Amino acid sequence: MADDDLARPDSGPRTVRNTHPAQRPHPDRLLPTEPRVRDIARGLYAHVRDRPIVSPHGHVDAHLLARDEPFSDPATLFITPDHYVTRMLHAHGVGLDELGVGREALDEASARAVWRRLCEHWPAFRGTPIRYWLDVELAEIFGVEQRLSLQTADETYDAVAARLAEPEFRPRALYRRFGIDALATTDDPCDDLASHAELRDDPSWQGRVLPTFRPDAYLEPAVPDWPQRIKRLGEAADVDTGSYDGYVAALEARRRYFIEHGATATDHGHADLGTEPLQTAEARRIYAAALAGAATEAEATAFRRHMVTEMARMSCDDGLAMALHPGIVRNHHRPTLRRFGPDTGHDLPVRLEVVRALRPLLERYGTHPGFHLILFTVDETVYSREIAPLAGFYPSVYVGAPWWFLDTPDAIRRFRRAVTDSAGFGKTAGFVDDTRAFCSIPARHDLSRRIDAGVLAEFVAEHRPDEEEAAEVLVELVERQPRVAFKLGDVAGAGATT
Amino acid sequence: MADDDLARPDSGPRTVRNTHPAQRPHPDRLLPTEPRVRDIARGLYAHVRDRPIVSPHGHVDAHLLARDEPFSDPATLFITPDHYVTRMLHAHGVGLDELGVGREALDEASARAVWRRLCEHWPAFRGTPIRYWLDVELAEIFGVEQRLSLQTADETYDAVAARLAEPEFRPRALYRRFGIDALATTDDPCDDLASHAELRDDPSWQGRVLPTFRPDAYLEPAVPDWPQRIKRLGEAADVDTGSYDGYVAALEARRRYFIEHGATATDHGHADLGTEPLQTAEARRIYAAALAGAATEAEATAFRRHMVTEMARMSCDDGLAMALHPGIVRNHHRPTLRRFGPDTGHDLPVRLEVVRALRPLLERYGTHPGFHLILFTVDETVYSREIAPLAGFYPSVYVGAPWWFLDTPDAIRRFRRAVTDSAGFGKTAGFVDDTRAFCSIPARHDLSRRIDAGVLAEFVAEHRPDEEEAAEVLVELVERQPRVAFKLGDVAGAGATT
Amino acid sequence: MADDDLARPDSGPRTVRNTHPAQRPHPDRLLPTEPRVRDIARGLYAHVRDRPIVSPHGHVDAHLLARDEPFSDPATLFITPDHYVTRMLHAHGVGLDELGVGREALDEASARAVWRRLCEHWPAFRGTPIRYWLDVELAEIFGVEQRLSLQTADETYDAVAARLAEPEFRPRALYRRFGIDALATTDDPCDDLASHAELRDDPSWQGRVLPTFRPDAYLEPAVPDWPQRIKRLGEAADVDTGSYDGYVAALEARRRYFIEHGATATDHGHADLGTEPLQTAEARRIYAAALAGAATEAEATAFRRHMVTEMARMSCDDGLAMALHPGIVRNHHRPTLRRFGPDTGHDLPVRLEVVRALRPLLERYGTHPGFHLILFTVDETVYSREIAPLAGFYPSVYVGAPWWFLDTPDAIRRFRRAVTDSAGFGKTAGFVDDTRAFCSIPARHDLSRRIDAGVLAEFVAEHRPDEEEAAEVLVELVERQPRVAFKLGDVAGAGATT
């Protein structure tokens, strides 16, 4: 959609008058700077610019699309729930309370005030992907091309708010406009997936929204309310979880329930990647102790590592792809957690060890036909040293997309340059937006396509693959790789890599 | 000053005849190579080339400027005390004794011999920043544009020596010529700061030389002569340090003394970043044991980590910014230490853990208004994984400049590409030269400005910030960020970022 | 040889008709993309393109050149023994049994079938150095310029097979054609080095094939058959290894035997870099326990670390250079090990610690005149943080070439950009192909020359060294550095760096 709009000085009533021309996203943005390489990149990018979006992992709520109600206001859409945005404002001295974090709903005055806080601190976002995404979203979705500032705060707020009242800015309309082909959510094993069922049974809905089985809290006996969770799990599965065997059966049952509701994958995020299995008797013993609140920290960790390998075992049985994204310290600043809750911007990356930690799991299931293990990281040092070498041997292992703090122009470039040597393109898992900011989905996927086009153009200019092969690779990165890795089913028209 | 000189084939009596034109520093050196990006970079660099130098952390001795005596000779100025230079010569088989290390003063013959050793091994420095700095210093400060070699050794020695005898090559004159606006030194808590006071009280001195409170050895009971140090601390503070409470009071008193002498920051370099606090009773117990020489290694470490958090507590009280630069094994080769003393080139970087280690400190003080915590590293892996994400949440945290082994063209580029995604520009601390080589200060800051101009030019060419914003950012990196992070006070004419 | 061939549309009967022109290796491949920088790089590369190959570390069998028999078939030459190739096919679902791994010799039908598996999965190699090496080998050695695919499988197989029957494709002829000046093998301390002696005594052989002393299994009491190994070592050395002192004497004797057969270096790959020495009494005690099968795991590790330092001690005595390449978990997937043996693609890199681990060894021997310690890594994070800073102080330490998973275009670029700041060029060890794929040797060295030429061209374009100096550096990287680091003796015509 971009180029024509960009070429037209006046694209009609939906465009707020642009007082600063450079604010308009440039059609060549993020492409390589050397003119000949940029030409190649332009050509490659044109192949995939308008391809459908495959989003196999993220945090959009299925409810949003099931209900299809208008978004309430610009601040709630762009700021308050998006910890990418609020954390940076917080870093510049803005309290999370000033941004509506932890509050129910914002009234108009509050929403406008929150918007003004963003506009006031807009220079803090220079050079960041957040600034990039928001600029693109505002211009390409909402037709707002003014640079944000205190001077333009009210005008831009009003422009976005006016759009949100229009029917074509409701979630389902945007889903269509964004060209989303499949959108995976992230769900609690006890979730009844009612919104997913509602969408599936709605004949007017043509999209595809899949649940993802995310059992973290049920695998970690150290979680404070673990016995209560396990009880709920039993109720949801209609299985007695009073014993370890019942607990395992309940997890298996809930996985089946998810599969019946369209799930193709599970998703796991623990502090480390440990996968050492326990003898069944030992697992039963710790389970009983944990239910009684008597498991030690070491036992709880051992049990969780055992259960991660059990999840791989179940994946070999039921076919769900397994995504692992460890290495985050959650809720680093507990005073903020206590006041504002989780997901408020202080989950922080730590160093990761992959090769030794995954060995028990991979020795058991790493060559199992059809098993898929997708490894994400926020620790770039494991790209060339551990993850790519693993994916270059184990048929089950896929290199997860640059994730979270790394889904940015420079980090994606480093990713491709680091993993391609040992894993090629065909063992990478395609882009993952991992976002709860619905309107950022197209900007994020487009960013990834631009950067991959640029990297491939550089490869072509270095006479590694030729341009025709590079175009084939890029299409595969955009469509085939996420579909294959996350088992989303065939894509029409995409050639097979191997 | 460079360009005009460079354009002139003969710049007068101060220039040694150039037998090798390429030796003359090129006006475009270190700028990006793609012509259009270089053009942008040239424009950006021109904005900051002649801006004053803010040097908030380094190892120049205030005495040097207080006394303002001529530098003794070229070897003592450029080689003997600079472990950047001597370590590389040592790596190529030159003994530190041949370089005058550990000796009092060099006579003329010795100084000339040391200079010859450098000239003889000049090719060993190819591609290193040391070669770059020295080339620029020799050409731009001393007008020596000949390439160093055994053939040119005497001639270049004589040329530099002749300059050093001239009044405009005395420290204060060079301070003015270099355009230094503020220069922080690094000082022992017991130092009486007499040279700082002398400068402050000298009406003929217009510069600004600030002390920095560096209490490392006083916080580490494992240091061999710790009880004696603590005794001296008590004497300096006029507080009885026989008890833990007196010790804390003495540190607080010395901080006040430093503040009275212009200090705005403290500086800390320990083996790790641990910050777990102790109960006061436990701190008192270990302190007493340590004074009696009876603390275990584990207790000494626990005490030091506690005291680092105490330093943060004091910073919240008295407003000194706190700079942390951990992760160095000091004096790796103890035979060299025994023979030549510390700071002789074998302090070596080790891996760092930041997120978990700093959690206790940051949970307590990370959101304290006005607290500034500047994190340096010699471990590049923590840029994108830990330091930038921390600075992108905690208002107190600033990303320290690429430090020591990383204050080089390529490492600074990697730094900006790694931290900007998560921390933007406004949470970085500006350049730090960290040098004891006075004459290298302008070359080092200029290098940093060139590289930052280049990175920003690449951003502009990728259509991220526009050129006008990039120029604003660059000025902020050069002036505003170090002033803000180290609390050096307002800078005239610099716009606020946030 | 490349350019002229490339310019000629029809290079005679040895060339299979090219159905896809882009497959022909481009003369500018891997050079920088910016036109002016590419021009500089072309000029630099031309200086070293045809220089002899110095290969100081690899896994070609001396037997191959001693016997000089024709290679059996294309699959055995290019696929079956090369775990770089088989691991990637395995990652895409091809069983190692389908590739002939672990079998004795392939009959024609099997060899052809294996070749077809490679051709079928050729797109999996896009962007990898394996694809690059094979493309170049097929085109430049065998004149095969068709892109591999199921369609071209038989035709290309036949073309290569036909060449292999010709006398000029025998190992010695290829050795000459490749321009190899010296080729080091990797050998068991008990090896009688008969092939090396045979070559040395053959008046018709003009090449230089050196053995390398690789004692890993003899230093690790944890190896299952260790007592038997030690017995064999005693027999080979004709020394009673029933005591620790005899064991040390046997190792010293075998080192002398290797030196007598031309060895200039030892080679060591353990799980970590630990070098803590033991008291002799303790070493004797653990040795006796280990021979009796009664050493604990901790004792076995302590003994091995002690012996690594003993190896350094012996190197100071007998002058063998010492190459260390730690940080690999061998045989990660034990089911594959059991079925197919070692070196089957699942040796995987792990994180490395260098500075602390090597301290005991370096404090003892790091400044010993003539001692050379060459440090390789598969963990890129230690380049700028640990290895380059060590090489920038210790005269003995050389930075090993980018190794194994890192001997690729992008990783070599990152290597130069990471180590040059602290270690310059003159403390790096030159390129190491480390290959068992004989025909890949020229492609690998050429790749390294192209990338180094490109990096140096970028340095020149940034006005760091000038073009003349860069050319000098490049020649040194190709010839002088490996010769000096591995003590291969003088090279005619190469200027000294220091």
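Lettering of chains follows the sequences in order, A, B, ..., and the numbering in each one begins at 1. Keep in mind that this is a model prediction, so the values were computed, not measured.
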| said: Which one wins on heavy-atom pair count under 4.5 Å against chain C: A:Val473, A:Thr367, A:Thr381? | reply: A:Thr367

| Heavy-atom closest contact (A:Pro389 atom, C:Phe405 atom, distance) | CB-CE2, 3.8 Å

| query | Which residues from residues 32-40 of chain C are near chain A, with near meaning under 4.5 Å between non-hydrogen atoms? | reply | C:Thr33, C:Glu34, C:Pro35, C:Arg38

| task | Would you confirm whether A:His463, through its side chain, and C:His26, through its main-chain N or O, come within 3.5 Å as a donor-acceptor pair? | result | no

| remark: Most heavy-atom pairs under 4.5 Å with chain C, out of A:Pro465, A:Ser384, A:Pro369, belong to A:Ser384

| Between CZ on residue A:Phe393 and CZ on residue C:Arg87, distance to nearest 0.5 Å | 7.5 Å

| remark: Per-residue tally against chain C (heavy atom, under 4.5 Å) across A:Glu462, A:Glu363, A:Arg356 peaks at A:Glu363

| field | Heavy-atom closest pair, residues A:Arg359 and C:Arg330 | value | NH2-O, 3.6 Å

| Heavy-atom proximity to chain C below 4.5 Å, by part of A:Ala461 | both

| query | Minimum heavy-atom separation for C:His90 to A:Pro395, with atom names? | reply | CE1-CD, 3.6 Å

| remark: Of all heavy-atom pairs linking C:Pro409 and A:Arg464, the shortest is CG-NH2, 3.6 Å

| query | What is the ring orientation for A:Tyr394 with C:His333, classed by angle as parallel under 30°, tilted 30 to 60°, or perpendicular over 60°? | reply | perpendicular

| said: Ignoring hydrogens, what is the shortest heavy-atom contact between C:Leu348 and A:Val355? Give both atom names and the distance. | reply: CB-CG1, 3.9 Å

| Taking A:Lys427 for the side chain and C:Ala91 for the main chain, is one N or O donor matched with an acceptor at less than 3.5 Å? | yes

| query | What part of A:Ala470 is in contact with chain C, defined as an atom under 4.5 angstrom from a non-hydrogen atom: side chain, backbone, both or neither? | reply | neither

| query | Between A:Arg413 and C:Asp410, is the closest basic N to carboxylate O distance under 4.0 Å? | reply | no

| Is it the backbone or the side chain of C:Val378 that comes under 4.5 Å from a heavy atom of chain A, or both, or neither? | backbone

| Interface moiety of A:Leu390 toward chain C, non-hydrogen atoms closer than 4.5 Å | both

| message | Are A:Arg385 and C:Val350 packed together at the side-chain level, in the sense that at least one heavy-atom pair is separated by less than 4.5 angstrom? | response | no

| query | By a 4.5 Å heavy-atom criterion (distance strictly below it), what part of C:Thr344 contacts chain A: side chain, backbone, both, or neither? | reply | backbone

| message | Suppose we screen for side chain to side chain donor-acceptor pair (under 3.5 Å). Which residues come up paired with C:Arg117, at least two apart in sequence or across chains? | response | C:Glu98, C:Glu120

| task | Would you mind checking which part of C:Leu89 comes under 4.5 Å of any heavy atom in chain A, side chain (CB onward), backbone (N, CA, C, O), both or neither? | result | neither

| message | Heavy-atom cut-off 4.5 Å, strictly under: side chain, backbone, both or neither for C:Leu30 against chain A? | response | both

| If you count heavy-atom pairs under 4.5 Å with chain A, which of C:Glu380, C:Arg131, C:Arg351 comes out on top? | C:Arg351

| Is a salt bridge present between A:Glu472 and C:Arg126, judged by a nitrogen-to-oxygen distance below 4.0 Å? | yes

| said: What I want to find out is whether A:Asp466 reaches C:Arg147 closely enough, with some N-O distance under 4.0 Å, to be called a salt bridge. | reply: yes

